[in-house]
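Note on naming: letters A, B, ... go to the chains in the order of the sequence lines (proteins, then strands), and numbering restarts at 1 for each one. What you see is a predicted model, and the numbers here were worked out from it, not measured in a lab. The basis for the numbers below is simple: all heavy atoms, side chains too, and nothing from hydrogens, waters or symmetry mates.
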Number of protein chains: 2
Amino acid sequence: MDTPSHRRDVRADLIAAGLAILDERGFEAMTLRACAARAGVSHAAPAHHFEGLPGLRAAIAAEGFRRFTATILEERRKAGEDPRARLEAICEGYLRFARAQPGLFNLVFNLTFEHVSEGEVEEAGGAAYAVLAETCAPFAPLGDSEGSTEAFVWSLVHGRACLELAGRFDGTAAPPPMATMLAGLRLRA
Amino acid sequence: MDTPSHRRDVRADLIAAGLAILDERGFEAMTLRACAARAGVSHAAPAHHFEGLPGLRAAIAAEGFRRFTATILEERRKAGEDPRARLEAICEGYLRFARAQPGLFNLVFNLTFEHVSEGEVEEAGGAAYAVLAETCAPFAPLGDSEGSTEAFVWSLVHGRACLELAGRFDGTAAPPPMATMLAGLRLRA
DNA sequence: CGGCTGAAGTTGACAGTGTCAAGTTGATGT
DNA sequence: ACATCAACTTGACACTGTCAACTTCAGCCG
């Protein structure tokens with residue numbers, strides 16, 4: 001017997017449903033009605049929790065960001081104390097997250113959320129960015145501007161992930177490992 | 001009086017319609033029916049030229065790649081003969097293309113085209129990649145593997161473009177200029 | 001305890017979408 | 001003139017997002 005919908009967290013169930021559908025069937029299959037059906041509610045139930053499909057996507061993106069942040073924190077923890085090893089570890093974690101869950105990855109990193117309050121996404125994104133900034137802190141900035149190292153590393157690993165997911169590296173020389181591409185970074189004096 | 005549909009190139013008209021809609025109204029507004037209406041044909045006409053919506057998207061992506069290639073060739077030409085200036089010029093052209101036409105940019109670079117023959121997209125993509133590879137040829141490879149420089153540069157500029165378009169740099173330190181991020185590249189001996 | 005209120009579901013409808021099937025039209029070849 | 005074929009058209013169907021109106025249940029107040 002299904003739990004009556006008023007006795008449970010429908011919002012959380014819809015987000016969980018969206019994550020499952022993204023993982024199993026990809027971005028285009030993640031529709032409002034598919035999420036509602038998977039969560040066991042009517043097609044109009046999401047309207048009470050989200051600002052339409054864009055709102056649901058934003059909520060899923062925020063959750064995805066949180067999961068991503070947990071992933072790269074764990075990778076960094078396992079890498080020990082060497083700053084370069086830690087930075088390489090979060091980059092590898094980034095790539096692994098993208099490969100394991102391409103649909104969620106695109107939702108988290110490549111969609112804009114116009115006309116929707118992005119507070120939750122921005123907050124989750126800020127937490128992920130803080131991890132990156134902390135991990136880059138031991139390195140000298142590029143061109144003497146603060147924040148440049150993390151922008152550089154993030155651009156590099158994100159581009160690497162997107163192009164790979166889209167199959168744009170197919171038929172070209174395989175990109176070198178992240179360690180090689182990061183080799184030019186110098187530690188602070 | 002409209003040109004009868006049998007007297008003109010419906011395929012090309014549909015692609016042009018798709019490009020216009022992407023530019024004016026964005027990715028989600030670019031539907032089969034919107035393209036057909038804009039091209040002045042019935043909603044089922046595209047089925048005779050493309051393998052459904054994915055096929056139309058792939059054809060538009062191929063055309064977008066060609067336009068992109070023309071853009072960066074022209075930027076490189078204008079930059080003169082200095083290898084570093086030329087590389088920076090195509091990276092700036094990349095960013096400008098992305099900012100000017102985000103919908104087309106995402107279609108060209110970030111979508112996969114499963115279940116659709118990608119020959120045209122791959123061919124067009126190969127031409128763009130060849131320009132990048134030529135422009136990187138004067139630089140020493142990273143970690144001694146051929147093809148590494150262009151993979152590095154492409155990852156960097158593509159990530160930079162995607163994160164900016166998605167608004168993920170908002171609230172963070174602005175990324176440094178491409179010239180700064182590419183400064184670590186060394187010319188071949 | 002009964003009534004009221006509000007949150008949060010539901011059902012149903014509508015417009016837009018992608019795709020498919022069947023019919024139509026016009027050009028081409030014999 | 002007739003047959004054939006390519007390429008369009010019309011119409012239908014299932015799925016989609018969104019909206020409106022209704023229903024249900026929990027909580028509050030008198």
J.: Among dA8(C), dT9(D), dT16(D), find the nucleotide with the atom closest to the side chain of H48(B).
T.: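 Of all the options, the side chain of H48(B) is nearest to dT9(D).
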
J.: Among dG11(D), dC19(D), dG9(C), find the nucleotide with the atom closest to the side chain of V10(A).
T.: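 Nearest listed nucleotide: dG9(C).
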
J.: Taking the six-membered ring for Trp, are Y129(A) and F169(B) closer than 6.0 Å centroid to centroid?
T.: no

J.: Search all heavy atoms of A124(B) against all heavy atoms of T69(B) and return the closest pair with its distance.
T.: O-OG1, 4.2 Å

J.: Would you mind reading off the distance between L14(B) atom CG and dA7(D) atom P, rounded to a whole angstrom?
T.: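 About 13 Å, once rounded to whole Å.
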
J.: Heavy atoms only, 4.0 Å cut-off, all strands: where does H43(B) land among base, sugar-phosphate and nothing?
T.: base

J.: Measure from CZ on R38(B) to P on dT17(C) and round the result to the nearest Å.
T.: 14 Å

J.: Tell me what T31(B) touches on the nucleic acid: a base, only sugar-phosphate, or nothing, going by heavy atoms under 4.0 Å.
T.: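 Touches sugar-phosphate only.
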
J.: So, R11(B) and E120(B), do they make that salt bridge, N to O below 4.0 Å?
T.: yes

J.: Could you state the CD-C1' distance from E51(B) to dT19(C), rounded to the nearest angstrom?
T.: 14 Å

J.: Between A47(B) and A34(B), which has a closest nucleotide on DNA chain C that is more 5'?
T.: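 Per heavy-atom nearest nucleotide, the more 5' residue is A34(B).
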
J.: Please report whether the ring centroid of F105(B) lies less than 6.0 Å from that of F68(B).
T.: no

J.: Starting from P on dT19(C), measure out to CG on L32(B) and report it in whole angstrom.
T.: 6 Å

J.: Round to the nearest Å and state the distance from F50(A) atom CZ to dG17(D) atom P.
T.: 14 Å

J.: Starting at the 5' end of DNA chain D, which residue's closest nucleotide do you reach first, R33(A) or R33(B)?
T.: R33(B)

J.: Report the distance from atom CG of L53(A) to atom C1' of dC19(D), rounded to the nearest whole Å.
T.: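 Computing the L53(A):CG to dC19(D):C1' distance gives 15 Å.
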
J.: Once you round it to whole Å, what is the distance between P of dT18(D) and NE2 of H49(A)?
T.: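 One finds 15 Å between P of dT18(D) and NE2 of H49(A), rounded.
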
J.: From CD of E28(B) over to P of dG17(D), roughly how many Å is that when rounded to an integer?
T.: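 The distance from CD of E28(B) to P of dG17(D) comes to 10 Å, rounded to the nearest Å.
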
J.: Of all the nucleotides listed (dG12(C), dA13(C), dT9(D)), which has the minimum atom distance to the side chain of S42(B)?
T.: dT9(D)

J.: Below 4.0 angstrom, N of the basic side chain to O of the carboxylate: do E164(B) and R96(B) qualify?
T.: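 No.
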
